[in-house]
Amino acid sequence: MAFLVLLLLLNFVFNAINAQSTSTIIKPGSFLSPINNSYLLSHSGQFAFGFYRYKNGYSVGIWFENIRQKTIVWTANRDASPFPSDVTLVLTTEGTLIVRPKQGQDVLIADTSSDNVSRLATSASMLDSGNFVLLNSSGGIVWKSFDFPTDTILPGQRLAVTGKLVSSVAESDHGSGKFLILMRSDGNLVQYPVGAVLERGAAYWATNTFNAGYGVSLNLDGNGHLYLLNDTGFNIKSINTNYVNASGKSMYRATIDTDGIFRLYSHSSNRFDDWYTEWSSSNYRCDPLGLCSENSYCVMMDGEPVCQCPPHFDFINEKRKELGCRKNYSLVACDTRNG
Ligand SMILES: *[C@@H]1O[C@H](CO)[C@@H](O)[C@H](O)[C@H]1NC(C)=O
Ligand SMILES: *[C@@H]1O[C@H](CO)[C@@H](O)[C@H](O)[C@H]1NC(C)=O
Ligand SMILES: *[C@@H]1O[C@H](CO)[C@@H](O)[C@H](O)[C@H]1NC(C)=O
Ligand SMILES: *[C@@H]1O[C@H](CO)[C@@H](O)[C@H](O)[C@H]1NC(C)=O
Ligand SMILES: *[C@@H]1O[C@H](CO)[C@@H](O)[C@H](O)[C@H]1NC(C)=O
Ligand SMILES: *[C@@H]1O[C@H](CO)[C@@H](O)[C@H](O)[C@H]1NC(C)=O
């Protein structure tokens, strides 16, 4: 009982600290800053948009706010350096959403300034779907974060032709990592190591729908069903065929994880639960090509993928085994041994 009370109390304090803003809208004149008014919530409180801590500063992004594991699903300018604490995020009267530092250049988050006044943003809103949108004066959506995914799609979000998700560097670093999943224009959904030539030989997972025609997209619905639609709206492939229709889970996300595996996660309505893996592109965590670098190979040890060197090779850096191996003998030594 005492424990429960403590838990409730902690929960209350936690909410009180974090409930910095209940407004769901940004307009010219209002602003967010990392310190005072750091984010805005969607109507239900499920999602937040704003500043989150990153390295020694802050990034701008979207995250699940209503659960213990505050999971980041989108980051603006993910490879930019962190912002200091004295910046402000504002929507200008010219229709641009920017981060303005005390000194120096503004950083653009979203731009709707154009000659066409019907596409000019006059407000911004965090929707309950997890989509952060800019709206024109009559409430029409003129920009949406759903069009610029980073490593995650949410129910209702679509990965359109040539769209890609790129894994993050680490759980705590949402910069671009080593793996990507690409919706190719031939209809095939394929995973590659970043930087590899986008050929079939470099792929480590695919839906093999490469003759499905132009216009195929990856979709996730509110029941946790991941599937491919063709240009005329036909479901050409269910990716997780084992999904339970209307399973009653309250949240889903599909993420290409830092380890290169594409996973569908669900979360119950209990905020203290963890994400549950509904489906993954591979069950063998050494599958992603490029997990280990030159002259090394991947083995599973205690359920974790580990990079190893072949005989007579040493790690380039013993503390960072993913950097690969180099040979630790000299060719001169071979010469003297008569083969
Ligand atoms: C935060 O709010 C306090 C009080 O309203 C104000 O004195 C302070 O300057 C604000 N800080 C920033 C970074 O806006
Ligand atoms: C402005 O944008 C609207 C909506 O996107 C479009 O219907 C209209 O044709 C555009 N007007 C001009 C002049 O480009
Ligand atoms: C706002 O955008 C919608 C959708 O693009 C458009 O139909 C509408 O005309 C725009 N409103 C104004 C006032 O420009
Ligand atoms: C989509 O799939 C349906 C059913 O297989 C097919 O009839 C249709 O031609 C396809 N559309 C495109 C654009 O390929
Ligand atoms: C899931 O439910 C929808 C709507 O009730 C239905 O159209 C669809 O066929 C169902 N899918 C499966 C695999 O049962
Ligand atoms: C090469 O590796 C072996 C076994 O790991 C080690 O004993 C030896 O000292 C290494 N040689 C050099 C030149 O680093």
Side-chain angles (χ1 to χ4, degrees), residues 12-67 70-78 80-150 154 156-157 174:
F12 174 74
V13 172
F14 186 75
N15 279 329
I17 290 170
N18 283 279
Q20 304 199 0
S21 169
T22 50
S23 140
T24 61
I25 211 143
I26 307 177
K27 289 198 150 138
S30 66
F31 64 89
L32 299 180
S33 81
I35 308 283
N36 272 359
N37 188 34
S38 63
Y39 58 86
L40 50 93
L41 292 174
S42 67
H43 184 73
S44 69
Q46 180 79 274
F47 288 98
F49 168 87
F51 291 98
Y52 70 84
R53 278 219 79 101
Y54 171 56
K55 291 188 177 166
N56 54 347
Y58 299 87
S59 275
V60 170
I62 297 169
W63 61 93
F64 280 95
E65 170 61 22
N66 232 350
I67 55 175
K70 306 240 180 281
T71 309
I72 289 153
V73 295
W74 184 78
T75 298
N77 306 337
R78 65 191 298 196
S81 37
F83 295 117
S85 61
D86 60 358
V87 298
T88 53
L89 183 141
V90 295
L91 179 64
T92 68
T93 49
E94 291 83 44
T96 57
L97 188 71
I98 55 167
V99 172
R100 177 159 284 169
K102 270 256 152 65
Q103 273 149 13
Q105 290 258 306
D106 292 344
V107 177
L108 190 66
I109 305 290
D111 188 3
T112 67
S113 64
S114 71
D115 294 340
N116 191 333
V117 71
S118 75
R119 303 202 47 77
L120 183 79
T122 58
S123 66
S125 181
M126 182 69 246
L127 304 184
D128 277 333
S129 57
N131 198 1
F132 175 73
V133 296
L134 301 189
L135 307 163
N136 68 10
S137 59
S138 57
I141 293 175
V142 292
W143 184 96
K144 48 180 190 273
S145 61
F146 270 16
D147 285 344
F148 306 93
T150 51
L154 295 168
Q157 189 172 6
H174 288 268

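Note that the numbering runs from 1 along the sequence shown for the chain.
Between the side chain of N77 and the main chain of L108, a donor-acceptor pair closer than 3.5 Å is present. Formation of a donor-acceptor pair under 3.5 Å by the S44 side chain with backbone atoms of Q46 is found in this model. Distance alone, capped at 3.5 Å, places no donor-acceptor pair between the S59 side chain and the Y54 backbone.
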Could you go through F49 and S145, starting from their C-alpha distance and side-chain angles, then the distance that decides it, and tell me whether this counts as side-chain contact (heavy atoms from CB on, under 4.5 Å)? CA-CA 11 Å; F49 168 87; S145 61; over 6 Å; no

Do L154 and F47 pass the side-chain contact (heavy atoms from CB on, under 4.5 Å) test, and can you show the C-alpha distance, the side-chain angles, and the key distance before you say yes or no? CA-CA 11 Å; L154 295 168; F47 288 98; 3.9 Å; yes

I'd like to know whether W74 forms a side-chain contact (heavy atoms from CB on, under 4.5 Å) with Q157, so could you lay out the CA-CA distance, the side-chain angles of the two residues, the decisive distance to 0.1 Å, and finally the verdict. CA-CA 12 Å; W74 184 78; Q157 189 172 6; over 6 Å; no

Run the side-chain contact (heavy atoms from CB on, under 4.5 Å) check on F132 and L97 step by step: do they pass? CA-CA 12 Å; F132 175 73; L97 188 71; 3.6 Å; yes

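Residues F51 and V60 meet the side-chain proximity criterion, which asks for heavy atoms closer than 4.5 Å. Taking the side chain as every heavy atom from C-beta outward, V87 and Y58 never approach each other to under 4.5 Å. Residues H43 and D128 form a side-chain contact, since some pair of their non-hydrogen atoms from C-beta on lies under 4.5 Å apart. Proximity of I109 to V99: side-chain heavy atoms (C-beta onward) are separated by under 4.5 Å at one or more points.
Considering every non-hydrogen atom in both S38 and L32, the closest pair reads O-CD1, 4.1 Å.
Among residue pairs with one or both ends in residues 80-101, none qualify as ring pair (Phe, Tyr, Trp, His ring centres under 6.0 Å); sequence neighbours excluded.
Exactly one residue among L89, T88, V90, L91 makes a side chain to side chain contact (heavy atoms under 4.5 Å, CB included) with I98. That residue is V90.
Partners of D147 by side-chain hydrogen bond (donor to acceptor under 3.5 Å, both in side chains), not counting sequence neighbours: none found.
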